[in-house]
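Throughout, a chain's letter reflects where its sequence line sits, starting with A, and its residues are numbered from 1. Just so you know, these numbers come straight off a predicted model, no measurement behind them.
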Protein chains: 2
Amino acid sequence: MDRTPSHPEVSKFNLQQVLEALVDPVRRSIVIQLDTACEDITCGAFDISVSKSTATHHFKVLREAGLIRQYYVGTSRMNALRRAEMDQAFPGLLDALATPQAQGVST
Amino acid sequence: MDRTPSHPEVSKFNLQQVLEALVDPVRRSIVIQLDTACEDITCGAFDISVSKSTATHHFKVLREAGLIRQYYVGTSRMNALRRAEMDQAFPGLLDALATPQAQGVST
DNA sequence: ATCAAAGTTTGACGGCGGTCGTACTTCTGT
DNA sequence: ACAGAAGTACGACCGCCGTCAAACTTTGAT
């Protein structure tokens with residue numbers, strides 16, 4: 001278990017990798033939850049319907065793409081959205097995910 | 001061969017579908033080429049390195065996601081980027097693709 | 001010390017999507 | 001009418017990715 005996982009720098013952010021991360025509904029849901037909560041969330045506290053091992057996989061993909069930052073707090077792992085850095089690299093991208101039509105549209 | 005292919009309305013644009021379309025490098029390249037050219041382009045005139053049948057597949061995916069509009073001109077098929085409509089549905093999304101870091105970054 | 005909680009790792013499985021070749025259609029010139 | 005150009009349709013193949021269960025690790029509480 002790597003206690004200090006590697007996080008890519010902003011200058012290394014890769015659009016292909018970011019899109020591959022965001023195209024999965026579960027991962028996009030994680031990002032949205034982080035964005036709306038405006039606070040760090042532990043892996044287990046997310047509203048996702050997959051097994052723990054699958055969740056670990058998703059968090060890894062998000063972290064390696066640069067979308068989240070992870071750090072340990074006791075036995076829990078906290079997840080923080082790298083909003084500002086992602087906006088710097090790809091301005092408008094995360095905003096597009098929060099668009100009304102991006103969620104369920106009604107009107 | 002359907003001469004009047006169906007195009008989804010803006011209100012029916014689906015983020016999941018759009019992201020699935022944009023996550024493929026070939027398809028994203030098509031979108032970028034349309035965006036920078038600022039004019040409609042025939043299927044055969046794109047700079048993509050896949051077979052014709054694969055190209056047809058990609059254009060279909062882009063069309064069904066609402067990213068492009070297709071219409072026949074003689075035996076050729078023209079492709080137009082649905083820029084304004086996509087911006088209306090998911091503002092900022094296409095702009096993020098044109099970001100400097102979205103292309104090859106140097107500095 | 002022990003036990004439970006929270007994640008991780010590994011391996012396996014299944015399905016979907018990108019790719020191609022081949023055959024087909026439709027239009028344009030000649 | 002014929003040939004060629006431009007795409008399309010259809011199968012087939014293959015690799016990748018999301019998924020899970022099971023075993024393991026690490027930390028915190030009792």
Side-chain angles (χ1 to χ4, degrees), chain A residues 1-7 14-34 39-65 67-80, chain B residues 1-7 14-34 37 39-80:
Chain A
M1 202 190 297
D2 199 349
R3 322 243 357 119
T4 57
S6 65
H7 294 83
N14 175 264
L15 179 63
Q16 181 62 36
Q17 206 175 349
V18 171
L19 288 179
E20 284 172 0
L22 291 176
V23 79
D24 184 276
V26 175
R27 288 193 289 263
R28 202 163 61 251
S29 166
I30 291 174
V31 170
I32 298 296
Q33 289 180 48
L34 276 175
E39 63 177 5
D40 301 358
I41 306 180
T42 65
C43 290
F46 283 90
D47 181 19
I48 52 180
S49 53
V50 292
S51 70
K52 285 204 299 180
S53 51
T54 301
T56 296
H57 166 65
H58 285 314
F59 286 117
K60 180 181 179 184
V61 172
L62 288 172
R63 172 171 41 87
E64 292 180 343
L67 281 156
I68 63 172
R69 187 177 298 277
Q70 295 190 294
Y71 58 95
Y72 278 99
V73 175
T75 176
S76 293
R77 197 165 202 179
M78 297 297 301
N79 301 275
Chain B
M1 203 191 299
D2 197 350
R3 324 245 350 120
T4 57
S6 64
H7 294 83
N14 175 264
L15 179 63
Q16 181 62 36
Q17 206 175 349
V18 171
L19 288 179
E20 283 172 0
L22 291 176
V23 78
D24 184 275
V26 174
R27 288 195 289 263
R28 201 161 63 249
S29 166
I30 291 173
V31 170
I32 297 296
Q33 288 180 48
L34 276 175
E39 63 178 4
D40 299 359
I41 306 180
T42 65
C43 289
F46 282 91
D47 181 20
I48 51 178
S49 52
V50 292
S51 70
K52 285 204 300 180
S53 51
T54 300
T56 296
H57 165 66
H58 285 314
F59 286 115
K60 181 181 179 185
V61 171
L62 287 171
R63 185 187 69 237
E64 293 181 342
L67 280 157
I68 64 172
R69 187 176 299 277
Q70 295 191 293
Y71 57 96
Y72 277 99
V73 175
T75 176
S76 293
R77 197 165 202 179
M78 297 296 302
N79 301 275

Worksheet item: Is the shortest heavy-atom distance from the side chain of B:Arg28 to the side chain of A:Leu19 under 4.5 Å?
Response: yes

Discussion item. Which residues pass the side chain to side chain contact (heavy atoms under 4.5 Å, CB included) test with B:Ser53, not counting sequence neighbours?
Written reply: B:Ser51

Protein-nucleotides 28-30 of chain C N/O pairs closer than 3.5 Å?
none

Response to the item:
Sequence neighbours excluded, the answer for side chain to side chain contact (heavy atoms under 4.5 Å, CB included) partners of A:Thr75 is none

Worksheet item: Looking at residues at least two apart in the chain, or sitting in another chain, which of them share a side chain to side chain contact (heavy atoms under 4.5 Å, CB included) with A:Glu64?
Response: A:Gln17, A:Lys60

Fill in: Nearest-angstrom distance from the residue atom CG of B:Asn79 to P of D:dA6
14 Å

Item to complete: Would you mind reading off the distance between A:Asp24 atom CG and D:dC17 atom P, rounded to a whole angstrom?
Response: 11 Å

Worksheet entry | Nearest-angstrom distance from the residue atom CD of B:Glu20 to C1' of D:dC17 | 13 Å

Practice prompt. Classify the nucleic acid contact of B:Ser76 as base, sugar-phosphate or nothing, counting any heavy atom under 4.0 Å across all strands shown.
Written response: sugar-phosphate

Practice prompt. Only counting residues at least two apart or in another chain, list the ones meeting side chain to side chain donor-acceptor pair (under 3.5 Å) with A:Asp40.
Written response: A:Tyr71

Worksheet entry | All side chain to side chain donor-acceptor pair (under 3.5 Å) counterparts of A:Thr42, not counting sequence neighbours | none

Practice prompt. Whole angstrom is fine here: how far is it from CD1 in A:Ile48 over to P in D:dG18?
Written response: 13 Å

Discussion item. Rounding to an integer number of Å, can you tell me how far A:Phe59 CZ sits from D:dG18 C1'?
Written reply: 15 Å

Discussion item. Just to be sure I understand the rule, does B:His58 reach a base, reach only the sugar-phosphate, or reach nothing, if contact means heavy atoms closer than 4.0 Å?
Written reply: sugar-phosphate

Item to complete: Determine which pairs satisfy ring pair (Phe, Tyr, Trp, His ring centres under 6.0 Å) with at least one residue from residues 51-70 of chain B, sequence neighbours left out, and list them in order.
Response: B:Phe46-B:Phe59

Response to the item:
Separation of D:dC16 atom C1' from A:His57 atom NE2, nearest Å, is 10 Å

Worksheet item: Is the side chain of B:Arg63 donor-acceptor paired with the backbone N or O of B:Asn79 at a distance under 3.5 Å, no angle test?
Response: no

Discussion item. B:Pro25: which residues meet the side chain to side chain contact (heavy atoms under 4.5 Å, CB included) condition with it, sequence neighbours left out?
Written reply: A:Gln16

Expected rows: protein N/O vs nucleotides 20-22 of chain C N/O, under 3.5 Å:
| from | atom 1 | to | atom 2 | distance (Å) |
| --- | --- | --- | --- | --- |
| C:dC20 | OP2 | B:Ser51 | N | 2.9 |
| C:dC20 | OP2 | B:Ser51 | OG | 3.4 |
| C:dC20 | OP2 | B:Thr54 | OG1 | 3.2 |
| C:dG21 | N7 | B:Ser53 | OG | 3.3 |
| C:dG21 | O6 | B:Ser53 | OG | 2.9 |

Discussion item. Output the rounded distance in Å from CZ (A:Phe46) to C1' (C:dG7).
Written reply: 14 Å

Worksheet item: Rounded to whole angstrom units, what separation is found between the CD1 atom of B:Ile41 and the P atom of D:dA6?
Response: 16 Å

